[in-house]
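Taking it in order: structure first as structure tokens, then the write-up.
Not measured: the values here are computed from a predicted model. Below, each value reflects all heavy atoms present in this structure, side chains not excepted, and no hydrogens, waters or symmetry copies. So you know, we letter chains A, B, ... as the sequences are listed, proteins then strands, and number each from 1.
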Number of protein chains: 2
Amino acid sequence: MSERPSSSSSNPPNTPSQEHPAVAVDVVIFMIREGRLQVLLVKRRYPPFEGRWAIPGGFVHIDESLEDAARRELREETGVEDVYLEQLYTFGRPDRDPRMRVISVTYFALLPAGEIDVRAGDDAADARWFPVDDLPPLAFDHREIIEYALTRLRYKLEYTDVGFQLLPAEFTLTELQRAYEIVLGEQLDKRNFRRKILQSRILRETGRLRAGEGRPARLYEYRSDVRLQVKARRLFP
Amino acid sequence: MSERPSSSSSNPPNTPSQEHPAVAVDVVIFMIREGRLQVLLVKRRYPPFEGRWAIPGGFVHIDESLEDAARRELREETGVEDVYLEQLYTFGRPDRDPRMRVISVTYFALLPAGEIDVRAGDDAADARWFPVDDLPPLAFDHREIIEYALTRLRYKLEYTDVGFQLLPAEFTLTELQRAYEIVLGEQLDKRNFRRKILQSRILRETGRLRAGEGRPARLYEYRSDVRLQVKARRLFP
DNA sequence: ACAAAAGTGTTATGGGTACACCCATGC
DNA sequence: GCATGGGTGTACCCATAACACTTTTGT
């Protein structure tokens, strides 16, 4: 904000120096489906990149906040509300959109697994889920955006509790561990995992059981009231 | 990016749905001065918030990247180039600037201590350093932006090597430790600190000494070639 | 009784933290 | 020789990592 008179913008207080870029929000929507981490993509109907897959997005309305715009896109595409949404990064290379200058404020969203299989809201025909490790060619710099979102998600999985956002309200410890393994792309030790999760006090046992092929598993729910705090004093990798 | 026809923007391919917001970059410039962590602020000359202090910033030119715009502001204000600069967050509440819709892509910069006392480039009269724990009333949402930058800086200090960007090319271990203590706002143990830093292999002894009041101290330089990697598998705070 | 998945404890190792004294120089 | 800051080692504790068997249910 705040134009200030400086060598390059010495104009009256109320006008930015030049024409404005367009501002869009794009949302990387993650969900665990079929045992893999997937993202929702939409097929573009117009040039440029007509027919190419892209992450859902659109221009920011002049009177809505960035997060509101992201939630609107999310709702239009999936019908979901009240899911985890976090601002990721703002991409602004002048040539990232061949038509005109577009600055994209990106977000990533986490949908709980299993609930409803969102087939995408309005125009379902053009929306599909793709595993993050098997993406089609993408429009614009969207591949880079997804890679970045994935890096951030993996990172946050380790030192925050965002991981629970990928699970439904009730889940078993094995399901939770699978979710972690799917996102991190790596096997975890069952006993160590359980000890760590349980001693963090972030789960509450619901008292119910889920019957399956073998012995029924205890169901847990996430306690969003517990404040996890990072205590680690690391001072270096 | 990528307008897509959707319930709210079903217009031809090449026009965003409404008028564009203005896009600005604002830069939180940190430097350790006089034993405290300080930020560079400029005094606004025009309404709104005329006479109030604000972080340096300005509108993004239509053909420059966001980072270029941030570096341009940094250069105009301090004369420095080639310093650490990182995108922080994008603030876009519709009412954050009373005049019009302005979306601010914020960055933070770290200047090496001691070098030259940048008194601010062009219009020096209106620029001053303020300790982060003693800020004047600020324009717009700039207080929030600085708080956020500070949180991020403290956080990154612990698990990356950004801290070295706050020091000149050659420094003693005590100076490095002071820098950490100043930013973190907390005392650190000398022996543990030195062991940790040295065993990370990120410093090279220059072989020179700095004479002072007591015993001369060994000088070190940062080895930007060493790739620090986070190995920690934490799975939770 | 057997297949399938749930659930459970111990040990070894490494990193973090706490802590006090000698060393080299200038005055 | 004394004041000033530089430089060094050890012991305890806790978190992590590795590792295999028993339990409960359905068929």
### Message
Nearest whole Å is fine: how far is D/dT16 P from A/Arg194 CZ?
### Response
18 Å

Pairs under 3.5 Å (N/O, protein and nucleotides 24-27 of chain C):
| residue | atom | partner | partner atom | Å |
| --- | --- | --- | --- | --- |
| C/dA24 | O4' | B/Arg215 | NE | 3.4 |

### Query
Whole-Å distance between C/dA5 P and A/Phe171 CZ?
20 Å

Show the distances under 3.5 angstrom between N or O atoms of the protein and N or O atoms of nucleotides 9-13 of chain D.
| residue | atom | partner | partner atom | Å |
| --- | --- | --- | --- | --- |
| D/dT10 | O4 | B/Arg195 | NH1 | 3.3 |

### Summary
Closest non-hydrogen contact found for A/Ala139 with A/Ala54 is CB-CB, 4.1 Å

### Task
Taking side-chain hydrogen bond (donor to acceptor under 3.5 Å, both in side chains) as the test, write out the residues that go with A/Arg195, two or more places apart.
A/Asn192

### Message
So, does A/Thr174 get its side chain near the phosphate of C/dA6, meaning an N or O under 4.0 Å from OP1 or OP2?
### Response
yes

### Partner residues of B/Thr174 under the side-chain hydrogen bond (donor to acceptor under 3.5 Å, both in side chains) criterion, sequence neighbours left out
none

### Partners meeting side-chain hydrogen bond (donor to acceptor under 3.5 Å, both in side chains) with B/Arg154 (sequence neighbours left out)
none

### Task
Mind calculating the distance between CG (B/Leu176) and P (D/dG6) to the nearest angstrom?
12 Å

### Message
Rounding to an integer number of Å, can you tell me how far B/Leu198 CG sits from D/dG7 C1'?
### Response
11 Å

#### Entry: For atom CD of B/Glu186 and atom C1' of C/dT17, their distance in whole Å
13 Å

### Task
Kindly indicate, with the supporting measurements, whether the criterion salt bridge (Lys or Arg N to Asp or Glu O under 4.0 Å) is fulfilled by A/Glu181 and A/Arg178.
CA-CA 5 Å; A/Glu181 289 174 340; A/Arg178 288 282 167 275; 2.8 Å; yes

## Note on the structure
Correct closest heavy-atom pair for A/Gln177 and A/Asp189 would be NE2-C, 4.0 Å

### Query
When the distance from CD of A/Glu158 to C1' of D/dT16 is rounded to whole Å, what number comes out?
13 Å

### Message
According to side-chain contact (heavy atoms from CB on, under 4.5 Å), who are the partners of A/Leu209, at least two apart in sequence or on a separate chain?
### Response
A/Pro216, A/Arg218

### Query
B/Glu205 has an atom CD; how far is it from atom P of D/dG7, in whole Å?
8 Å

### Message
Closest-nucleotide mapping onto DNA chain D: is A/Gln199 or A/Lys190 further toward the 5' terminus? I mean the 5' end.
### Response
A/Gln199

### Message
Tell me the interatomic distance from A/Glu175, atom CD, to C/dA5, atom P, rounded to whole angstroms.
### Response
13 Å

### Message
Can you say whether a donor on the side chain of B/Lys196 sits under 3.5 Å from an acceptor on the base of C/dG16, or the other way round?
### Response
no

### Query
Counting any heavy atom closer than 4.0 Å, what does A/Thr172 reach on the DNA or RNA strands: base, sugar-phosphate only, or nothing?
nothing

### Query
Looking only at heavy atoms, which two atoms of A/Val25 and A/Leu66 are closest? And how far apart?
CG1-O, 3.9 Å

### Query
Testing A/Leu138, A/Val27, A/Leu41, A/Leu40 for side chain to side chain contact (heavy atoms under 4.5 Å, CB included) with A/Ile55, which one passes?
A/Leu41

